[in-house]
Amino acid sequence: MRRRPRSPGTGLTSTYAVARKWLGERGGMLSGGARSTVLKAPAVLGVGLDRLRRLPLRPSSGRRLQASGRVPVRSPFMDPAAVSPPSASISLRQLLMALGDTLVEVQAAPAGLDVEIRGVALLDPEDPPTAQPGELVLVIGARGRAAFPALRAAARDGATAVVVKLDGPGQAAALSETAAEAGVALLSLRSEARWEQVNALARAALDDAPPGRPGEGAEEGDLFSLAQTTAVLTSGIVSIEDAANRVLAYSRSTDSDEIDDLRRRSILGWQGPEAYLAKLREWGVFQHLRSSDQVIGIDSHPELGIRRRLAVAIRSGDRQLGTIWVQEGSAPLSEHSEQALLGAARVAAHHLVRRRRELSEDLTLTRTLLAGLLEGSTGPQPLATHLGFDAGLPAAVLGFSYGTAGVVAAPETSHVGAAPELAHTEVTNLISVHIAARHRSALVTQLDPRIYVLLPQLPRSVGTDTLRGWCQEITDAARRHLGLPLCGSVGCLVPGLGDVPESRRESDRILDAMMGAGLPIAVAALPDIQAEVLVSEMLTLLTAHPEIRDPRLTALVRHDSRHQGRLAESLLAYLNSFGDVRAAAAQLHVHPNTLRYRIRRAEELTGMDLSRPDQRLLAMLQLRLPPTP
């Protein structure tokens, strides 16, 4: 939102001086062409000494600079066999979702959008036109037809995609035809956009990608996914910035008319109109964001081309890591926008900490300890010590699972047919945002196929009714915003972290009963459906132990299967209606005499005496079992 400050050591002159000093220390290792590359790179990338030291160089390739840490760089001093393969990659489709059409447009994609990108490279016009397999090549300084050599060379060397700037519409057709013939994707960068921005965003998307095959789904650190989830929950347009006010991620908007001038210029140039920034300083907005974690509202200013906004600081302790901005579009922001924004800021704090690589191993350890605690394989003390929790304060577990017979997805927004990893990512983000707004210490994790929320250090005033309300908010939001039917369960409140496995087991018992019985509710605690839970567990016992079933009832079910009969179904309806023939017949849509005949026939085939209470009870249970092949 503000102009990025020119801190000492990042200006052009000071960066040159720093680079020259660094090269003086290492001059014997680099060729002249490589030294020239390093001196030019800071002007293009805007990096300081600390970042310059981390950039891998290719001495043998002239001025070309490899800008991604994901693709190992070969040098004359490396054994090629010692170079490890890339640890992660993304698809071109994922990259386009990350960058958005505000920055780039697809001109050609001859191999489709699922091709793999493993690194990002910057190519200066004076560089020898070379590329590495799987790279996204940013052709800097060569507009339009001048980019032909780089485009052909990138295709020859196996690059995945090339990004260029165009001078006019006529150039797009010629370049696209060449790209299609060469089999490489071609993207055009908006003329107002800056190369350093697309480089930073592309690298951030790679950094957030999990190891494995491209397209396997983003992990929890996906800021673009978080921005999109926050946009859904607030009905606004979201951007996430770091502490230097650089745009890290933003939500997608299907209507360009909804985007105001400030957002458009922030995305394209990383800076807003100075008049508006001066107003923000005058109103104390930046001072508020530096000192508070509460949401602040900014009124619309049509004379500046600015719509209404909400903003909240992303904080880790006393340090501000960044800001989330929500712009109002053509529709008003949702009623609970401020609450959603608070939760998003707390979730984003974990992402930005990991992005800085300050606690990446720490977060992995947290997930491992949390899973161990929920499963009962790890005691409470490791997690409590690791996160500074008080293990003696109350805790509880919420569980979530897809699907219940009583919840119908909203057809206009349904994601049920979407890729499972997409649905999982969106649901996990939605749960994380909602619960973080309610309880700062909440932890969210997945233990297939369910998602669990651990609520440690609960105030003693929080009871089951409060937790049920939090759970209901989440399932309602999933149905309303994602079109996903989500079941939620509230595990029992336990006195401390050591009893968390008990709360998780109760949460699972509730979900098992809800999913098995198809109850017309989305959220429950044990007192709400205790009978259903106990019956469900009895049926599980009968399923696992055929020896305790009545063989006569088993024979009756098989008889129906062989003869397409309905004797077992009719007997169960009769028993459920406490022997009221007319009520059971109406439920089955048959004449009462038909039902009486079926009951007599069932008694003849089984030899059961339905006047005996124990036989009626056993029949009511066993006939509830799902039919076996």
Side-chain angles (χ1 to χ4, degrees), residues 88 208-213 215-226 228-229 232-233 343-344 346-348 350-351 354 359-378 382-383 386-387 395-404 415-416 418-436 438-439 441-456 467 470-471 473-475 477-479 481-482 484-491 497 500-501 503-512 514-515 522-523:
D208 281 339
R213 297 186 305 275
E216 283 186 326
E219 56 181 322
E220 293 174 347
D222 187 346
L223 284 176
F224 284 93
S225 179
L226 177 62
Q228 191 65 28
T229 298
V232 169
L233 294 177
R346 292 170 185 172
V347 175
H350 295 292
H351 299 346
R354 191 191 66 181
L359 293 175
S360 58
E361 295 181 1
D362 175 271
L363 293 178
T364 301
L365 178 59
T366 298
R367 286 194 291 267
T368 301
L369 294 176
L370 175 58
L373 178 61
L374 291 172
E375 293 171 340
S377 59
T378 303
L383 183 66
H386 178 56
L387 296 178
V397 174
L398 307 181
F400 295 92
S401 183
Y402 296 116
T404 152
H415 284 45
V416 173
E421 62 272 13
L422 174 62
H424 168 70
T425 298
E426 293 192 276
V427 170
T428 301
N429 276 333
L430 184 145
I431 293 172
S432 298
V433 167
H434 268 274
I435 205 63
R438 293 298 189 182
H439 188 59
S441 301
L443 299 174
V444 180
T445 192
Q446 181 194 24
L447 298 177
D448 285 333
R450 291 173 177 169
I451 300 171
Y452 296 94
V453 177
L454 172 63
L455 300 170
L467 300 184
W470 294 355
C471 208
E473 288 178 2
I474 290 171
T475 58
R479 177 183 55 80
H481 296 300
L482 303 181
L484 286 173
L486 199 64
C487 269
S489 64
V490 180
L497 283 183
V500 159
S503 184
R504 187 265 174 111
R505 283 192 294 271
E506 182 167 300
S507 172
D508 279 337
R509 292 174 67 198
I510 297 166
L511 286 177
D512 289 341
M514 293 174 71
M515 303 298 288
V523 172

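Just so it is clear, the structure is predicted and the values come from calculations on it, not from any experiment. Residue numbers start at 1 and run along the sequence shown.
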Heavy-atom distance under 4.5 Å between the side chains of [X] and [Y], does that happen here?
X: I431; Y: Y452; value: no
X: L455; Y: R438; value: no
X: L398; Y: I435; value: yes
X: W470; Y: V453; value: no

Gap between atom [atom2] of [Y] and atom [atom1] of [X] - 0.5 Å precision:
X: E473; Y: L430; atom1: CD; atom2: CG; answer: 11.0 Å
X: L484; Y: T475; atom1: CG; atom2: OG1; answer: 12.0 Å
X: R504; Y: L454; atom1: CZ; atom2: CG; answer: 11.5 Å
X: I451; Y: L486; atom1: CD1; atom2: CG; answer: 7.0 Å
X: E506; Y: S503; atom1: CD; atom2: OG; answer: 6.5 Å
X: R450; Y: L374; atom1: CZ; atom2: CG; answer: 13.0 Å

Inset, instruction - Apply the test side-chain contact (heavy atoms from CB on, under 4.5 Å) to residues V347 and V444: give CA-CA distance (whole Å), side-chain angles for both, the deciding distance (0.1 Å), then the verdict. - result: CA-CA 10 Å; V347 175; V444 180; over 6 Å; no
Considering all heavy atoms, the nearest [X]-[Y] contact:
X: F400; Y: L511; answer: N-CD1, 4.0 Å
X: G343; Y: A436; answer: O-CB, 3.7 Å
X: C487; Y: M514; answer: SG-CE, 3.9 Å
X: P501; Y: G376; answer: CG-CA, 3.9 Å
X: A344; Y: L226; answer: O-CD2, 3.9 Å
X: H434; Y: A477; answer: NE2-CB, 3.4 Å

Legend entry - Check: S507 side chain, G491 main-chain N or O, donor-acceptor pair, under 3.5 Å: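 No, because the side chain of S507 does not come within donor-acceptor range (under 3.5 Å) of the backbone of G491.
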